[in-house]
Amino acid sequence: IPRADSQCLACGGPAVDVERQRELLLDLAKRSILEKLRLSQRPTLSRPVSRAALRAALQRLHGPPQGMLPEADGEQEYEIISFADTGLSDINQTRLDFHFSDRTASGMEIQQASLMFFVQIPPNTTQTLKLKILVLSSRDTNLTSATQHLLDVDASGWHQLFLGPEAQAACNQGHLTLELVPEGQGAWSSVILGGAAHRPFVSAKVKAGGKHRVHRR
Amino acid sequence: GINCQGGSRMCCRQEFFVDFRDIGWHDWIIQPEGYAMNFCTGQCPLHVAGMPGIAASFHTAVLNLLKANTAAGTAGGGSCCVPTARRPLSLLYYDRDSNVVKTDIPDMVVEACGCS
């Protein structure tokens, strides 16, 4: 809404009303951020995350060192933390569900994923934990690949297990379901899957449009 | 670069901070609290074309060109007030699955302006 009584300092034309200019700039800022994040609109949060879970996870989020410019090939990199929806699948197996629908929608590719979970053992003890991780295929409900892990635990804390290509493929299809099967004496009570501050999560590195990367020579 | 002050007409950087709380985005953007959406504004008369350019020599080269071509009426037209330095915007936000996402959006914050 140009104001006849004043002049735009920069271009000499009629100045735009200050309030109107502010609205235009705020609208431009919103569109610019959504476009760069490949979002059509701002997300509405479906499942709130507790501050305790967020704090615990952020301490493990290891982005590129501060000030590092994004990848030389100009593709934007993302780090994602997806908190598990946990449910008992049967007496000694816990099912963990992770959702990545936004990534698939915006054509991004998950490059590397790892499961983070908390292990609690009595002080001044050590424990060898045997864990089986089964990845549910998204096509049929039969369990697919299983990986076996042996953890030597000498203190309570977070543990990271790198997930294989099957789990990565499931993430790229938007939904990852893991079955966690602690095996051996006392293993079950050591793996903490409940409680806000110890909610297990998957940490993944994502690249925008990784599939059709053109390598510059 | 020069920051716009008062009635400055020359090419300068206008600071403009968008507080995410003001636009109701503070619930899904965890960090930072806002975005410095600075922009370049102002005039670039021919005698300042290329200033504060990337290097003084660039400015001198442009001036010499103008003198050599008595540029007053050249078809090439004037010079524009554009960003000469920008930095990424680091964002930490929730996506629609309530996943926490961290990314650096390149070239999102204008740090300095100059005449092309």
Side-chain angles (χ1 to χ4, degrees), chain A residues 7-12 21-22 25-30 32-37 39 41-49 53-54 57-58 61-64 66-71 74-83 98-103 105-106 174-175 201-204 206 208, chain B residues 4-32 34-45 78 80-81 86-110 113:
Chain A
Q7 199 187 33
C8 164
L9 293 174
C11 59
Q21 187 183 47
R22 178 174 164 72
L25 287 169
L26 290 180
D27 184 52
L28 183 62
K30 285 181 182 177
S32 170
I33 290 175
L34 289 178
E35 180 200 317
K36 298 281 182 162
L37 294 180
L39 298 173
Q41 59 190 8
R42 58 145 288 171
T44 45
L45 302 187
S46 51
R47 296 165 297 153
V49 173
L54 180 62
L58 289 184
L61 188 67
H62 44 75
Q66 281 312 315
M68 268 279 279
L69 287 181
E71 280 269 305
E75 276 170 348
Q76 207 161 321
E77 273 211 349
Y78 297 77
E79 288 225 30
I80 296 183
I81 286 179
S82 185
F83 292 99
F98 304 90
H99 306 272
F100 294 91
S101 54
D102 238 2
R103 300 309 115 197
S106 42
H175 180 204
F201 60 90
V202 161
S203 162
V206 179
Chain B
C4 298
Q5 267 115 22
S8 138
R9 286 173 172 273
M10 298 303 273
C11 175
C12 55
R13 180 185 72 153
Q14 179 62 56
E15 293 195 342
F16 183 79
F17 185 73
V18 180
D19 187 319
F20 291 135
R21 191 168 289 277
D22 289 352
I23 58 176
W25 276 16
H26 56 291
D27 60 328
W28 71 280
I29 295 185
I30 306 165
Q31 280 291 327
Y35 161 41
M37 191 181 88
N38 310 323
F39 57 93
C40 300
T41 180
Q43 294 167 357
C44 279
C80 310
C81 185
R86 290 184 291 184
R87 64 178 156 81
L89 171 67
S90 290
L91 274 184
L92 191 68
Y93 64 94
Y94 288 114
D95 70 9
R96 65 179 157 163
D97 297 314
S98 296
N99 298 327
V100 176
V101 185
K102 175 182 180 295
T103 188
D104 291 334
I105 306 176
D107 294 339
M108 271 298 264
V109 181
V110 172
C113 300

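Here is how names work: the chains are called A, B, and so on, in the same order as the sequence lines, proteins then strands, and each is numbered from 1.
Using a 4.0 Å cut-off between a side-chain N of Lys or Arg and a carboxylate O of Asp or Glu, B:Asp22 and A:Arg22 qualify as a salt bridge.
Scanning both residues, A:Phe100 and B:Asp97, for their nearest heavy atoms gives C-OD2, 3.6 Å. When every heavy atom of A:Lys36 is checked against every heavy atom of B:Ile105, the shortest pair comes out as CB-CG2, 3.5 Å. Residues A:Ile33 and B:Met108 approach most closely at CG1-CE, 3.9 Å, considering heavy atoms. What you find for B:Asp27 and A:Arg42 is that their closest heavy atoms are OD2-NH2, 2.7 Å. Nearest heavy atom pair, residue B:Ser98 against residue A:Val49, reads O-CG2, 3.5 Å. Nearest approach of B:Asp95 to A:Pro43, heavy atoms of both residues: C-CB, 3.9 Å.
With a 4.5 angstrom heavy-atom cutoff, A:Leu28 touches chain B via backbone and side-chain atoms both. Heavy-atom distances place no part of B:Met10 under 4.5 Å from chain A, backbone and side chain included.
Within a 6.0 Å sphere centred on CZ of B:Arg21, other residues, nucleotides and ligands contribute 12 heavy atoms or fewer.
Taking 4.5 Å as the limit, every side-chain heavy atom of B:Val100 sits out of range of all side-chain heavy atoms of A:Phe201. The closest side-chain heavy-atom distance from A:Glu77 to B:Thr103 is not below 4.5 Å. A heavy-atom distance below 4.5 Å is not found between the side chains of A:Ile81 and B:Val101.
Checking B:Tyr35, B:Phe20, B:Trp25 one by one against A:Lys30, the side chain to side chain contact (heavy atoms under 4.5 Å, CB included) holds for a single residue, B:Trp25.
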Derivation and outcome, side chain to side chain contact (heavy atoms under 4.5 Å, CB included), residues B:Asn99 and A:Tyr78: CA-CA 12 Å; B:Asn99 298 327; A:Tyr78 297 77; over 6 Å; no
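Annotation: maximal heavy-atom pairing with chain B below 4.5 Å, among A:Ser32, A:Pro48, A:Ala204, A:Ser82, occurs at A:Ser82.
Rounding to the nearest 0.5 angstrom, the gap separating the CG atom in A:Leu25 from the CZ atom in B:Phe16 is 4.5 Å.
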